[in-house]
Each structure stands twice: as structure tokens, then as C-alpha cells.
Trainee: 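Got a structure here, written out as C-alpha cells. Questions coming.
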Amino acid sequence: MSDGAARTARLLDELFGAGHGVAVDAPLVRGHATLGGRDVAVIGTTDQVHIGARIALALAGHVLDVVRDTPGRPILLIVDNSGQRLSLWDELMGNNGCIAHLTKCLDLARRREHRVVGLVHELAVSGGFMATGMATEACYALPGAEVRVMAASAMSRVTGIAEERLRELFRTSPALGPGVDNFVRIGGLHGVLDGDLRARIAEALDHVDPDPDPRRRLGTERGGRTHAAEVAAMVRAGH
Amino acid sequence: MRPVRRSYDEATARGRIDGLLDAGTFREFCGPTARRSSPHLPALGLPVSFDDGVVVGEGRLDGRPVLIGSQEGGFMGGSVGEVHGAKLTGLLERGLDVEPAAVVLLLDSGGVRLQEANAGLIAMGEIQRAVFRVRAAGVPVIAAIGGRNGCYGGMSIVARSCDWIVVSEQGRLSISGPEVIEAVEGIEEFDAQDRALVWRTMGGKHRRLLGEVDALVENSIEAFRMAVIGWLEQPRPLDLAAVEAEHARLEARLRRFAECRDGLDVWRDLGVERPEEIPELDADAFNAVVASMEERDR
Amino acid sequence: MDHLEFEFEGRGHSPRRGHALVGVVGSGNLEVLLEHAELGGNCSAVVDTSIRGFDSLWERVLADFVDRHRLADVRISVNDGGATPAVVTLRLDQAAAEIREEQS
């Protein structure tokens, strides 16, 4: 078993205790467990995998199985990826379509009254985050996890902004800098789960936000993304 | 009189809207005089645009009410930042309130605007959720793809979350750009300079043959207009049966083309008689090939 | 980035339209927004440009523009991605033509 898979297995043991029914078959994670006396479906990835067309479809298939076979059962999505897979074959197959399909399945689950909560275990990058955690109704991260769009060196190459200057900007701009804290501030993550993980996940599965997409509101409240909510409301009102 | 063959790919975001909608019916929301430009670009010493690179509003198409958004590919590659994304999200959510004949998205985007990366990425997720919400309410969302940037990154995921997609002959739809794949995985994996390879992998014709887009049209605003009109008030189902059918279709694709290394391999496998001629065909000739294949498969 | 502000003595009549926008902010290109504003018959201009140090050139070009098109009560706003003077003049003239048109 790879180090990443072993860490994921330890996380699952911590969450669900010994003898749970969630298997780590790297890079995929799937199964069912109980948490606080309720059944929970667990779906996810490990090993900081790159999300290619096959992985996206495998995850989508797991989501559909849960929707079909265990209606209404909450889904915990374990997020750990390095972004989308960069390969000619995946592009040839329409990786964007396969990822869109995965998010569509997660959306379908939500519409069919499944609670869908994401947990960034180690890493979530750009299109990989959009494919998974961003398609849940609430996504949390573990302390020490990382969320980013692009590494500083690559961002420097693409934008033409010197890496040193970028790192300076990272310190002051939650809209730009990588890291879980910045994503919490802009509303892209609900929060960081520390302390009693089981209790915190149980709380997250219980908490229902009446707002179908609270991220803009959270970004405004937390001061990290101050224009989005207002602009969207203005357009929605037809002004 | 409406000019019949105005280039779609060359037109600006506003020019595309003007040409697509019934003349004089467009009313813009949060327009340039509102000056809702990016709050993030000035800190980077970069110029802003008064509309943040996207035009949103309402109008009529073939007499029917629509909401429409149009990305300006000339401003920062049509990239999605905080304000740009919020305008598209607000537009889609307005679809829940006014239930138009469609929400039409004219996409021309490299994806997330890296200069406001986190805000752009989350905005992408918000746009996508709004697409699903308005679709679940029975309002079709139609994506049109053409222009210099194609449709990449998170915007390619948004596009494939819509009901219908129309591309121009030069349109491209993929998540990762060729340059990014080459830079990370090496030129052996993808030679980004090989433009023919780029089109065989990501171009509109391959996407049409693969079943990733619903129509390919010549590069004219009128052709896009006709395609979009055909889908007004035509939502596609989004229930469990529909999503399962899509799942089966995608799984079959990955199995069938597991050994393919080039668009040509895929087209040959699909039964295209002279796959090497596909890139040269104009839209009419290409669509005739697609029609004959669909006829054969029936 | 340079942020420049100018005021010009107006000439002629207020425009027919409320506003006009032309151009796209890109490398070597710019957008020009003209708005009808109550400025006591005068004109004002705000220029945000990625190229520094051309204050007097902008002032000359814009003063000439106001003069040639006999503009009054117009607020001129420019977002410039480094356009040449020829492109600047072209976009300004396009915007002036548009704001003069009858409302369609």
C-alpha cells in the first residue's frame, strides 16, 4: 500500500473505527460506514491522483450506485487530487465532459435529498477541486491540507509576474494565494475541521444551509471575496 | 437587413450578441457604466475593463425572451475572475425568476483568470451550480463556442454541464490547453505546436463526432443564431435515468477507444470512411458525413 | 499603471445617447466609454493606462478629440492596454460617432 493510501486508511479508521466497510483501492476509495449511529456512503480518491476520464467516471459510477441503491444516504466525499490528468488520451476522450458528468451525478444526489459533504484530506488542485469538493454542498478541509489553483512557479510563467512578487501578493490576497485559509476566506471551503473529527463530520452532515450556494455569502462575511455576492444579486435583479 | 455571413469568431462579445438576438432587443445588466471592473487587477498593475470581460443581459431571439451572456475573448483571454464569474452566475439565477426560453452562454475563454485564481475558480463552481439549478427548473442552457480562445479549463466543464452545445468549425473544447500538457508532460505527450494535432484532439469536429457537442456550424453569426433558435424551450432531462444513460454512453466510449492515440483512430473506429479528409471539410460537407453516419446507426 | 485625469472646455451640444462603448482592453488596444454627464457644458476624461509617462500626449490627443467632435457634457473614460496613438484616435472617433447616433 502506498504512503498516501495508508494515510487515507488511517483517516477512515479514525472516522469510523475498526471494521468499517470503506475500502481503499488506490487511487479510489469507496464503501459504507456508520458515523454517530447513521449510515454514510464514502466515495473518494487518494494518492493525490490526477483526475482523468477513467477516474472521473469511476467516481461518478459510485455516486450513481449510492443514489440508486441507498436513496437519501449521506455521502462523504474524500478529496485528494493533484488536479486534472494532463494527457492526450484524456483530452481526446473529453475529460471535461467526464468531469462534468461526475459533478452532474453529485448534483443529482443533492437534488434527490442526499447530504453531500466534501473533505479535502491532503490536496485539491484547480480542475480536480472543481470535479469533486466544489460540487458538494459543503466542503471542509483537514488541518494541513492544501488547496490551490496553480503552483507559484507555474503561475509566474503564465502571468509574467515575477515569482517573488507573486509570493508577496499571496500573503495579502486571499483571492490569489494558495492555501486552505485563503479558500476559507473566499467561501470556497466551509471551514477547517480540527479537534474531534468524528463529531465535526457528524455536525457537517447534519447542518443544512437553506442557501443553495452559500459560497458568495461566506466570502462576503469573511471578507475574502467582497464583490461577487453584490454583483450577482445586481444581475439577478436585472439592473 | 441582417448581414448573413458575419464572422462569429472575429466578432467581439457585444457584436455576437447584437448579431444573434432580434435587432434592438438587447438590454444589458451591470453594464460598463456601472463600472464593476475587477477589484484585483489594479494591485497587479494590470488594466481593467468596465464590464470585466463579459456582457450579460436579456433580449429576444426569434421573438422569444432569452437571457444571454457573452465572454469577451480579447480581454485577458476571456478568463473568469470574481466579477466576471458573478455576472454569469447572477444571469443564470435570473433564469430561475423569469423562466426565459433559454439562457444562452457565448463562451470564449481560457478558463480561470490566474491573476485572481482562487476567486475565479470558486466563481466557476458557482456558475456551474447555477447551470444545474436553472436546468432543474426546466430552463434550457445553451452554450455556443467559437472565437480565439475556444473553451478551456473550468469553462469546459461548465459547457458540458449545459443542455446543448454548438461550436464553430474553429471552435475548441477541452479542459487542459496543449501548451500546459506539453509544459508538464513533455513534447512526447503533446506537441502544442502541431496545430493539426490540437484540432484533431480538441477541435469542434472531433467533439461532434465523439458526441460531446450537438452541432457544428460555419463561422457565421447567422449560423449560430439558427442553431440556438432550434433549442429554445427544449430542455434536456436531468433525472436519474438521463444521467445513467449518459454514464453508460461515456463508459462505452472509454472502453471502445481505449487504444486510440489520435482523433484519426477514433474517427476510423466510428466508421468514417476517409478520416484523413475530415479536417479539410467545410461545415456543410462535414455535417453531411455526420448525418450519413447517424442514418447508418439508426 | 498610470491614472490620469483631465478637464476640457466643451464645444457644441450634448450627445443624443446616454453612453457609447467601443474597443476591447487588450495588448495594443483599449476601450473608450463616453457618457452623457451634466458637466456645465464641459468634458472630463479619466485614463487608466498600462504604459506610464505619456500624460502630455494623452492630454493633447483628448483635447483635440473634444475639439474636433465639438463635444459637450461628455465624460470620457479610457482603459488602455498600450494602444498606439493611431488606435487611440480611431477608437475615440468610433465612440464619438456612436454617442451622436439616434437611440435605436
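All chains are named by letter (A, B, ...) in the order of the sequence lines, taking the proteins before the strands, and each is independently numbered beginning at 1.
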Trainee: Examine whether an atom of A/Met150 lies under 4.5 Å from a heavy atom of chain B, and if so say whether it belongs to the side chain, the backbone or both; otherwise answer neither.
Mentor: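 Only the side chain of A/Met150 comes within 4.5 Å of chain B.
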Trainee: If you look at every heavy atom in A/Met155 and B/Ala117, which pair is closest and at what distance?
Mentor: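 Result for this residue pair: CE-CB, 3.8 Å.
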Trainee: Is A/Thr103 in contact with chain B via its backbone, its side chain, both, or neither, using a 4.5 Å heavy-atom distance?
Mentor: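 Both parts, backbone and side chain.
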Trainee: Can you tell me which portion of B/Arg129 sits under 4.5 Å from chain A's heavy atoms? Options are side chain, backbone, both or neither.
Mentor: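 Just its side chain gets close to chain A.
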Trainee: Strictly distance-based, threshold 3.5 Å: is any side-chain N or O of A/Trp89 a donor or acceptor partner for the main-chain N or O of B/Glu259?
Mentor: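 No; zero donor-acceptor contacts below 3.5 Å.
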Trainee: Please flag which part of A/Ala135 lies under 4.5 Å from any non-hydrogen atom of chain B: side chain, backbone, both or neither.
Mentor: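 Backbone of A/Ala135 only, per the 4.5 Å heavy-atom cut-off to chain B.
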Trainee: Can you check whether A/Arg148's main-chain N or O pairs, donor with acceptor, with B/Asn118's side chain at less than 3.5 Å?
Mentor: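 Absent.
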Trainee: Side-chain contact test, heavy atoms from C-beta onward, threshold under 4.5 Å: evaluate it for A/Ile99 versus B/Ile175 and give yes or no.
Mentor: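 When only atoms from C-beta onward are counted, B/Ile175 and A/Ile99 do touch, with a gap below 4.5 Å.
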Trainee: Can you say whether B/Gln128 sits under 4.5 Å from chain A via the side chain, the backbone, both, or neither, judging by heavy atoms?
Mentor: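 The side chain, not the backbone.
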Trainee: Measure A/Ser156 against the heavy atoms of chain B and call it side chain, backbone, both or neither at under 4.5 Å.
Mentor: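 The answer is neither part of A/Ser156.
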Trainee: Does B/Glu126 come within less than 4.0 Å of A/Arg217, counting only side-chain N to carboxylate O?
Mentor: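 Result for this pair is no, no salt bridge flagged.
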Trainee: Quick one: which of A/Ala154, A/Pro212, A/Cys98 has the most heavy-atom pairs under 4.5 Å with chain B, could you say?
Mentor: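 Counting heavy-atom pairs under 4.5 Å, the top option is A/Pro212.
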Trainee: Does any non-hydrogen side-chain atom of B/Thr89 lie less than 4.5 Å from one of A/Arg216?
Mentor: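 Contact flag for A/Arg216/B/Thr89 side chains = yes.
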Trainee: Kindly give the heavy-atom pair with the smallest separation between B/Glu189 and A/Leu86, and that separation in Å.
Mentor: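 Answer, listing the atom of B/Glu189 first, then A/Leu86: CG-O, 4.4 Å.
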Trainee: Side chain, backbone, both or neither: which part of A/Leu176 has a non-hydrogen atom closer than 4.5 Å to chain B?
Mentor: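 Contact with chain B is through both the backbone and side chain of A/Leu176.
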Trainee: Drop me the distance from A/Asp107's CG to B/Phe132's CZ, to the nearest 0.5 angstrom.
Mentor: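 Reported value, rounded in 0.5 Å steps: 5.0 Å.
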Trainee: Counting only heavy atoms not in B/Glu179, do more than 12 fall under 6.0 Å of its CD?
Mentor: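 Count over threshold, so yes.
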Trainee: Determine the option with the most heavy-atom pairs under 4.5 angstrom with chain B, choosing from A/Arg85, A/Lys104, A/Arg112.
Mentor: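 It is A/Lys104.
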Trainee: Looking only at heavy atoms, what is the nearest atom pair of B/Ala43 and A/Arg165, with distance?
Mentor: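 So the two residues come closest at O-NH2, 3.0 Å.
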Trainee: What residues of residues 203-211 of chain B sit under 4.5 Å from chain A when only non-hydrogen atoms are counted?
Mentor: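 Expected list: B/His206, B/Arg207, B/Leu210.
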Trainee: For the candidates A/Ala60, A/Gly94, A/Ser173, which exhibits the highest count of non-hydrogen atom pairs separated by less than 4.5 Å from chain B?
Mentor: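 Among the listed options, the one with the most contacts to chain B is A/Gly94.
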Trainee: Sort out for me which of B/Val83, B/Ile181, B/Leu88, B/Leu121 touches chain A most, counting heavy-atom pairs under 4.5 Å.
Mentor: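 The candidate making the most pairs under 4.5 Å is B/Leu121.
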Trainee: When you measure from the side chain of B/Glu82 to the backbone N and O of A/His227, does any donor-acceptor pair fall under 3.5 Å?
Mentor: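 Answer holds: yes.
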Trainee: For residues B/Ile122 and A/Phe183, determine if any side-chain heavy atom of one lies less than 4.5 Å from a side-chain heavy atom of the other.
Mentor: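 Side chain of B/Ile122 against side chain of A/Phe183, heavy atoms only: contact under 4.5 Å found.
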Trainee: Is there a side chain to side chain contact (heavy atoms under 4.5 Å, CB included) between A/Met234 and B/Lys87 once you walk through the steps?
Mentor: CA-CA 8 Å; A/Met234 182 176 169; B/Lys87 287 171 78 173; over 6 Å; no
Trainee: Stepwise, does the side chain to side chain contact (heavy atoms under 4.5 Å, CB included) test hold for B/Val243 with A/His101?
Mentor: CA-CA 8 Å; B/Val243 177; A/His101 174 66; 3.7 Å; yes
Trainee: Looking at chain B, which one of A/Ala232, A/Ala175, A/Ala100, A/Gly97 has the largest number of heavy-atom pairs inside 4.5 Å, strictly under?
Mentor: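 The residue among A/Ala232, A/Ala175, A/Ala100, A/Gly97 with the greatest pair count is A/Ala175.
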Trainee: Examine whether an atom of B/Met202 lies under 4.5 Å from a heavy atom of chain A, and if so say whether it belongs to the side chain, the backbone or both; otherwise answer neither.
Mentor: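 Interface part for B/Met202: side chain.
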Trainee: So for A/Ala233, is it side chain, backbone, both, or neither that comes closer than 4.5 Å to the heavy atoms of chain B?
Mentor: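 No part of A/Ala233 comes within 4.5 Å of chain B.
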Trainee: So, A/Glu91 and B/Thr201: side-chain donor and acceptor under 3.5 Å apart, yes or no?
Mentor: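 Note: A/Glu91 and B/Thr201 side chains miss the donor-acceptor criterion.
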Trainee: Output, in order, the C-alpha distance, side-chain angles, deciding distance and verdict of side chain to side chain contact (heavy atoms under 4.5 Å, CB included) for A/Met130 and B/Val158.
Mentor: CA-CA 10 Å; A/Met130 188 169 170; B/Val158 169; 4.0 Å; yes
Trainee: With a strict 4.5 Å heavy-atom criterion, list every residue of residues 29-41 of chain B that contacts chain A, or say none.
Mentor: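 When heavy atoms of chain A are the reference, residues 29-41 of chain B contributes B/Phe29, B/Cys30, B/Ala34, B/Arg36, B/Pro39, B/His40 within the under-4.5 Å range.
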Trainee: I'd like to know which of B/Ala159, B/Gly57, B/Gly154, B/Gly120 tops the heavy-atom pair count under 4.5 Å against chain A.
Mentor: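 Counting heavy-atom pairs under 4.5 Å, the top option is B/Gly154.
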Trainee: Tell me, out of A/Cys105, A/Gly188, A/Gly127, A/Gly224, who's got the most heavy-atom pairs with chain B below 4.5 Å.
Mentor: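 Most heavy-atom pairs under 4.5 Å with chain B: A/Gly188.
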Trainee: I'd like to know which of B/Asp262, B/Leu67, B/Leu96, B/Val56 tops the heavy-atom pair count under 4.5 Å against chain A.
Mentor: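 Top count of heavy-atom pairs under 4.5 Å with chain A: B/Asp262.
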Trainee: What part of A/Gln84 is in contact with chain B, defined as an atom under 4.5 angstrom from a non-hydrogen atom: side chain, backbone, both or neither?
Mentor: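 Answer is side chain: those atoms of A/Gln84 sit under 4.5 Å from chain B.
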Trainee: Of the backbone (N, CA, C, O) and the side chain (C-beta and beyond), which part of A/Ala229 lies under 4.5 Å from a heavy atom of chain B, both, or neither?
Mentor: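 For A/Ala229, there is no contact with chain B at all, as no heavy atom is under 4.5 Å.
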Trainee: Does a side-chain N-to-carboxylate-O contact under 4.0 Å join B/Asp97 and A/Arg236?
Mentor: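 So B/Asp97 pairs with A/Arg236 through a salt bridge.
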Trainee: Measuring heavy-atom distances to chain A, does B/Ala130 have an atom under 4.5 Å in its side chain, in its backbone, in both, or in neither?
Mentor: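 When you check distances to chain A, no heavy atom of B/Ala130 falls under 4.5 Å.
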Trainee: Who among B/Val266, B/Leu238, B/Val112 has the most heavy-atom pairs with chain A under 4.5 Å?
Mentor: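 Top option by heavy-atom pairs under 4.5 Å: B/Leu238.
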Trainee: So which of A/Ala131, A/Gly177, A/Gly83, A/Ala58 has the largest heavy-atom pair count under 4.5 angstrom toward chain B?
Mentor: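 Looking at each of A/Ala131, A/Gly177, A/Gly83, A/Ala58 in turn, A/Gly177 comes out on top.
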Trainee: Roughly how far apart are A/Arg111 CZ and B/Leu240 CG, rounded to 0.5 Å?
Mentor: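 Rounded to the nearest 0.5 Å, the CZ-CG separation comes to 10.0 Å.
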Trainee: What's the separation between atom CE in B/Met76 and atom OG1 in A/Thr159, rounded to the nearest 0.5 Å?
Mentor: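 Interatomic distance, B/Met76 CE to A/Thr159 OG1, rounded to 0.5 Å: 9.0 Å.
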Trainee: Using a cut-off of under 4.5 Å on heavy-atom pairs, state which of B/Gly263, B/Ala119, B/Ser176 scores highest against chain A.
Mentor: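 Result: the option with the highest number of such pairs is B/Ser176.
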Trainee: Relative to chain B, which segment of A/Leu92 carries a heavy atom at a distance below 4.5 Å: side chain, backbone, both, or neither?
Mentor: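 Contact with chain B is through both the backbone and side chain of A/Leu92.
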Trainee: For the candidates B/Ser156, B/Gly111, B/Ala183, B/Ala136, which exhibits the highest count of non-hydrogen atom pairs separated by less than 4.5 Å from chain A?
Mentor: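 The option with the most such pairs is B/Ser156.
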Trainee: Any sub-3.5 Å donor-acceptor pair from A/Arg54's side-chain atoms to B/Glu251's backbone N or O?
Mentor: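 No, because the side chain of A/Arg54 does not come within donor-acceptor range (under 3.5 Å) of the backbone of B/Glu251.
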Trainee: Distance check, rounded to the nearest 0.5 Å: B/Ile157 atom CD1 versus A/Asn95 atom CG?
Mentor: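 So the CD1 of B/Ile157 and the CG of A/Asn95 are separated by 8.0 Å.
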Trainee: At a heavy-atom separation under 4.5 Å, does A/Leu57 approach chain B through its side chain, its backbone, both, or neither?
Mentor: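 Contact with chain B is through both the backbone and side chain of A/Leu57.
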Trainee: Quick one: does B/Arg27's side chain have a donor or acceptor within less than 3.5 Å of a partner on A/Gly238's backbone?
Mentor: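 Checking the backbone N and O of A/Gly238 against the side chain of B/Arg27, a donor-acceptor pair under 3.5 Å is found.
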Trainee: Okay, side chain of B/Glu185, backbone of A/Ser87: is any donor-acceptor separation there less than 3.5 Å?
Mentor: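 Not at all, since once roles are kept as given, no pair shorter than 3.5 Å links the two residues.
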Trainee: Would you mind checking which part of A/Asp213 comes under 4.5 Å of any heavy atom in chain B, side chain (CB onward), backbone (N, CA, C, O), both or neither?
Mentor: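 Both backbone and side chain of A/Asp213 come within 4.5 Å of chain B.
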Trainee: Ignoring hydrogens and geometry, is there a side-chain-to-backbone donor-acceptor pair from A/Arg215 to B/Ala123 under 3.5 Å?
Mentor: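 A pair under 3.5 Å: no.
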